[in-house]
Amino acid sequence: MTMLPEMPNLETRNGLPADLRYLVEKYPREVWPSHPNLGEMARFWLQRHDMFRELGGMLKAGMGDYREQKLAPRDFAAWFAPRLRFFLQQLHGHHQIEDMHYFPVFAKAEPRMKHGFDLLDSDHHVIHDALERNAESGTTFLQALQADGDQVRFAADAYARENEALLAMLLRHLDDEEDLIIPLILDRSEEGLGVGL
């Protein structure tokens with residue numbers, strides 16, 4: 001019986017396991033932008049990842065501005081709430097599409113990477129739990145903005161911790177996902193994999 005490699009923990013890993021890096025070593029990040037097999041789907045997908053990085057950074061920076069009293073509570077809430085909602089909804093939908101459509105296609109195309117896609121799917125479950133905690137602590141924080149004093153500070157601190165944990169996991173996951181998928185697309189082409197737009 002073949003033993004599957006143990007899945008590295010999203011919260012502690014610092015990249016893909018060595019056995020999954022063979023294509024990213026063949027196609028390192030610096031060749032991606034000019035590679036002829038980087039098609040419309042891959043470019044769109046990378047843009048979505050960049051949007052998540054940017055929006056996550058905006059939420060973190062906005063939270064910092066609020067905690068440094070650069071924004072009044074009401075102004076902050078009006079800015080923060082729609083961005084948080086958009087971020088959480090879009091990330092959830094993005095992961096569903098990957099889990100249901102793209103990961104099975106990629107795993108079938110390159111069976112040696114199946115445990116890599118299992119790893120990414122496992123990440124999605126961990127991130128989903130973090131998204132739920134983030135939404136709950138964000139809601140609690142927004143409600144606390146109606147109060148004064150310690151309640152607001154404690155809620156802000158709790159949300160900031162959840163937000164920082166989510167963003168750290170998300171950034172690691174996005175990088176690992178790209179390092180697994182983009183080299184596969186460059187190697188086989190979107191048309192060859194059946195994922196072109």
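In this structure a side-chain-to-backbone donor-acceptor pair under 3.5 Å is missing from Arg48 to His94. Side chain of Glu190 to main chain of Ile185: no donor-acceptor pair is present (N/O by atom type, distance under 3.5 Å, no hydrogens or angles). A donor-acceptor pair is defined here as one N or O able to donate and one able to accept, closer than 3.5 Å; no such pair exists between the side chain of Ser122 and the backbone of Asp118.
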- [ ] List the steps and the verdict of side chain to side chain contact (heavy atoms under 4.5 Å, CB included) for Glu162 and Glu136.
- [x] CA-CA 10 Å; Glu162 288 297 338; Glu136 289 170 15; over 6 Å; no
Task: Trace of the side-chain hydrogen bond (donor to acceptor under 3.5 Å, both in side chains) decision for His115 with Asp19 - done: CA-CA 10 Å; His115 74 278; Asp19 65 318; 2.7 Å; yes
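Shown here are the salt bridge (charged side-chain N to carboxylate O under 4.0 Å, His left out) partners of Glu98, two or more places apart in sequence or in another chain: there are none. In this structure Asn37 satisfies the side-chain hydrogen bond (donor to acceptor under 3.5 Å, both in side chains) test with no other residue, sequence neighbours excluded. Listed by chain and residue number, Arg133 satisfy the side-chain contact (heavy atoms from CB on, under 4.5 Å) test with Asp129 (two or more places apart in sequence, or in another chain). With sequence neighbours left out, Ala107 forms a side-chain contact (heavy atoms from CB on, under 4.5 Å) with Lys114, Phe117. By the salt bridge (charged side-chain N to carboxylate O under 4.0 Å, His left out) test, Asp176 pairs with Arg13, Arg172, sequence neighbours left out. Scanning for salt bridge (charged side-chain N to carboxylate O under 4.0 Å, His left out) contacts around Arg83 gives an empty result, with sequence neighbours left out. Judged as a ring-ring contact (aromatic ring centres under 6.0 Å, His included), and not counting sequence neighbours, the contacts of His35 are Tyr27. Residues meeting the side-chain hydrogen bond (donor to acceptor under 3.5 Å, both in side chains) test with Asp150, sequence neighbours left out: Arg153. For Gln151, the side-chain contact (heavy atoms from CB on, under 4.5 Å) criterion is met by Ala144, Ala147, not counting sequence neighbours. The side-chain contact (heavy atoms from CB on, under 4.5 Å) search around Asp99 returns Phe103, Asp121, His124, not counting sequence neighbours.
Atoms NE2 and CG, on His49 and Leu174 in that order, are 5.0 Å from each other to the nearest 0.5 Å. If you take CD1 on Ile182 and CG on Asp187, they are separated by 12.5 Å, rounding to the nearest 0.5 Å. Here Phe87 contributes atom CZ and Asn163 contributes atom CG; the two are 7.0 Å apart, rounded to the nearest 0.5 Å. Annotation: the span from Leu23 atom CG to Glu110 atom CD amounts to 6.0 Å, rounded to 0.5 Å. How far CD of Glu177 is from CG of Asp179: 10.5 Å, rounded to the nearest 0.5 Å. Asn134 contributes atom CG, which lies 11.0 Å from atom CD of Glu164 (distance to the nearest 0.5 angstrom).
Under the ring-ring contact (aromatic ring centres under 6.0 Å, His included) criterion, the residue pairs touching residues 142-171 are Phe80-Tyr159, with sequence neighbours excluded.
When side chains are defined from C-beta on, Leu16 counts as touching Leu119, because their heavy atoms get closer than 4.5 Å. In this structure, the side chains of Met58 and Trp79 come closer than 4.5 Å at one or more pairs of heavy atoms. With a 4.5 Å cut-off on side-chain heavy atoms, Thr139 and Arg85 do not count as touching. Looking at Tyr22 and Arg112, their side chains come closer than 4.5 Å, going by heavy atoms from C-beta outward. Side chains of Leu180 and Val24 form no contact here, defined as non-hydrogen atoms less than 4.5 Å apart. Side-chain contact between Leu170 and Leu91: present, with at least one pair of heavy atoms (C-beta onward) separated by less than 4.5 Å.
Across every non-hydrogen atom of Met169 and Leu10, the tightest pair is O-CD1, 3.6 Å. Pairing each heavy atom of Leu88 with each of Ala135, the nearest pair is CD1-CB, 3.6 Å. Closest approach of Pro111 and Lys108 over heavy atoms only: CD-O, 3.7 Å. For Leu38 against Arg43, the heavy-atom pair with the smallest separation is O-NE, 3.2 Å. Here the shortest heavy-atom pairing between Leu84 and Gly138 reads CD2-CA, 4.0 Å. Nearest heavy atoms, Pro82 versus Ala78: CD-O, 3.2 Å.
The distance between the ring centers of His95 and His128 does not fall below 6.0 angstrom.
Transitive grouping of hydrophobic side chains (ILVMFWY, heavy atoms separated by less than 4.5 Å) keeps Trp32 and Met51 in distinct clusters. Residues Phe52 and Phe44 do not share a hydrophobic cluster, defined by chaining ILVMFWY side chains whose heavy atoms lie under 4.5 Å apart. Leu131 is connected to Leu142 through a chain of hydrophobic side-chain contacts under 4.5 Å among Ile, Leu, Val, Met, Phe, Trp and Tyr, so both are in one cluster. In terms of hydrophobic clustering, with Ile, Leu, Val, Met, Phe, Trp and Tyr side chains grouped at heavy-atom distances under 4.5 Å, Leu171 and Val126 are assigned to different clusters. Note on Ile97 and Phe86: separate hydrophobic clusters, where clusters join Ile, Leu, Val, Met, Phe, Trp and Tyr whose side-chain heavy atoms are under 4.5 Å apart, directly or indirectly.
Ring geometry for Tyr102 versus Phe106: interplanar angle under 30°, hence parallel rather than tilted (30 to 60°).
At most 12 heavy atoms of other shown residues, nucleotides or ligands fall within 6.0 angstrom of atom CD in Glu54.
A salt bridge links Arg53 and Glu178; the closest N-O separation between the charged side-chain nitrogens and carboxylate oxygens is under 4.0 Å.
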List the atom pairs, donor and acceptor, that lie under 3.5 Å between side-chain atoms in residues 62-74 and the rest of the protein, sequence neighbours left out.
residue : atom : partner : partner atom : Å
Arg67   : NH2  : Asp157  : OD1          : 2.4
Glu68   : OE1  : Lys70   : NZ           : 3.2

